[in-house]
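To keep things clear, I will list the structure first and then write my remarks on it.
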Amino acid sequence: MWSHQNLQLMLCTALSCVSSAAGLVLVFGYEGRDVTVSCPYDPGYERYQKYLCNSSCGYSDFLIRSSQENTTKYSVYDDKTTRVVTVTISDLHFDDTGKYWCGVTRAGKDIYTEVQLEVKADRCCDTVNNIQGNEDGSVTISCPYDSQSVNKLKFFCRGNRPSTCLQQAVITSSNTQDGRFRLSDDRKSGIFTVTISSLTLKDSGSYLCGVQRNSGFDVFTAVELEVKEKGEQNASREKELEDLPPSITTEVYQHQSRTVKTIISTTPPASEEQAKAPLSSAAGSIRVFGYEGGDVNVSCPYDRGFEGHQKYLCNHDCRYADVLITTSQGSSGKYSIHDDKTTRIFTVTISDLRLDDAGKYWCGVTRIGRDISIERELEVKPDRCCDTVNQTQSTEEGSVTISCPYDSQSVNKLKFFCRGNRPSTCLQQAVITSSNTQDGRFRLSDDRKSGIFTVTISSLTLKDSGSYLCGVQRNSGFDVFTAVQLEVKEWCCAKSKNMSGVMERSVTFQCPYAPQHHNDTMFLCKGDGASNCTDMMGQSRFVLSNVSSSSFSVTVTKLEAGDAGTYWCGSGPEANVGNFTRFHLSVDATLHQLPHPAFYALFALAAGLLLMVTLVLVKVYKNKCHKTLRERKVSR
């Protein structure tokens, strides 16, 4: 079938053979990211082959077909339930910009939908508003928008990448208060503002104000925030150094062949607590969370002026043997360290976490007098979920809806759904999230009143069986999960029949269906599975007849050896397996040489000669009989 279609396309000039099924579809994507091209099609074409092409849609212009395997650049999925074929184009480049066509193969003219793709750089913006704030204070950032965006979603994120801003937003106009962030929208003035309270030095950096568009690229304005250190702190630190007792001295010692300068008290500490924490604390304890077998990053901010000082991570009493890694080492097996002097944050990565890694750690900055430390509490848990697993079943080609409950505190949190049972990678590998509620066969709905979000998977296959996790993102701590085990059962209800035919002869399929599907699409397709079989109704040798309220017939004329195989016929939604009948057709080739025209000529000649001989014999016999009778009469 495809060789015929390709020949037909090559004979067409430009796109003169295109009949448009819909208007222009505009698609927008960012350089280096992925984009999804969704093309709906009309009822009755569920079984037809679909494809994406560009240029003049000649033979060499086909990019991906629904019948072929996905490639690195292109992947395709045909959702026959919603009648939408989706092509994902990965790793976008500027030269991907241009005109494409979604095609549906049919006899005569293929049906096309025109697609226009625009690609732009994933950065923003030419103009950046510079804002300043003070440590421990607050700052209000103004984000103007035009009059057409009054009712659009507004959002605010960190960084300058438009492609991920909405997904990683710290606050939106649908969730106006989240921790230190508050969003207010003044629709009369066309400005929404974001207030950040309890500022820290780590809040310094780039931010984007975003306004969501129903179509096209979202609109952004860029902000650069600088949080200044409190002036009083410097004086306080000077006084702290002056107040240090003379019993505090500096000692240099060797740690794993590298020199580490630390502060050791030569006078016994006043209490047991002081013995366990010989460093001065720069901040309260902050909890860090990681999964067994994975990695965790311990981030440690420090004050201006200490960029050139050595940093380290230690545990227990932070004595000589308790120092785990220093900036002069860089990395050492389980631990690695990086000091970003621009942001004034050094980060220690602890690899291959074990449950016994849980406990207290200190980020240290070496200085004369007493080192500065920040306490960190590390919690480690197994990377598996959960003690209770909800069992769900469905049928091949059908659909299933999975319910995921959550608590009242998680109403405005991001929900997500992933395959497997590893919490550590679930959000990163999510197949659907509450910020992207439709993706191919997956659809997510969130009922905030009942505290349940549901995920529907359509056009199920046996490969969909397995473990899944429903996740709710936490701002701090471990995300919350519930586990689901899905079992997709093989066909159980479709009727199955064996048929045989002879080459060059005809065979008829009798296809019953439920009366309520009388007005639905009737189909006959060929293939091992009902979800990926090839539609045969458009071929000239397949003739529809005897259509009634509960059945129809399809006659295949002039059978060929290639007609042997598995067929599916019925009427109605494909998710309803009871509407299908499965046929296994075999074609007998033993009589293939008999119906040759020469055989018929010979047969006719032989029959004629036989008839003539019979007539002559009959006449001779009669004459002989008459002669015998006359002789008897004479003798009398």
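These numbers come from the heavy atoms of this one structure, side chains and all, not from hydrogens, waters or symmetry mates.
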Distance, nearest 0.5 Å, that separates [atom1] of [X] from [atom2] of [Y]:
{"X": "Phe481", "Y": "Cys426", "atom1": "CZ", "atom2": "SG", "answer": "4.5 Å"}
{"X": "Leu183", "Y": "Ser173", "atom1": "CG", "atom2": "OG", "answer": "6.5 Å"}
{"X": "Glu31", "Y": "Thr97", "atom1": "CD", "atom2": "OG1", "answer": "9.5 Å"}
{"X": "Arg582", "Y": "Cys569", "atom1": "CZ", "atom2": "SG", "answer": "12.0 Å"}
{"X": "Tyr77", "Y": "Asn70", "atom1": "OH", "atom2": "CG", "answer": "12.0 Å"}
{"X": "Lys99", "Y": "Trp101", "atom1": "NZ", "atom2": "CH2", "answer": "5.5 Å"}

State whether Arg83 and Asp42 are salt-bridged, where the test is any N-O pair (Lys NZ or Arg NE/NH1/NH2 against Asp/Glu carboxylate O) under 4.0 Å.
->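 Here Arg83 does not pair with Asp42 in a salt bridge, since their nearest N and O are not under 4.0 Å apart.
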Asp91 bridged to Lys73 by N-O distance under 4.0 Å |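 A salt bridge is absent here (no side-chain N lies under 4.0 Å from a carboxylate O).
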Do side-chain atoms of Ser66 reach the backbone of Lys50 as a donor and acceptor pair under 3.5 angstrom?
-> yes
Donor-acceptor under 3.5 Å (Arg441 side chain, Ser458 main chain) | yes
Any ring-ring contact (aromatic ring centres under 6.0 Å, His included) pairs touching residues 385-406, not counting sequence neighbours?
-> none
With sequence neighbours left out, the residues meeting disulfide bond (SG atoms under 2.5 Å apart) with Cys470 are Cys404
Check ring pair (Phe, Tyr, Trp, His ring centres under 6.0 Å) between Phe289 and all other residues, then give those that pass, not counting sequence neighbours.
-> Phe478
Could you tell me which residues satisfy salt bridge (charged side-chain N to carboxylate O under 4.0 Å, His left out) with Asp407, sequence neighbours excluded, listed by chain and number?
->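 Asp407: salt bridge (charged side-chain N to carboxylate O under 4.0 Å, His left out) contacts with Arg474.
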State which residues pass side chain to side chain contact (heavy atoms under 4.5 Å, CB included) with Asn151; sequence neighbours excluded, sorted by chain then number.
-> Arg187
List for me each residue that meets side chain to side chain contact (heavy atoms under 4.5 Å, CB included) alongside Thr433, sequence neighbours excluded, and say none if there are none.
-> Leu414, Phe416, Ala430, Ser435, Asn436
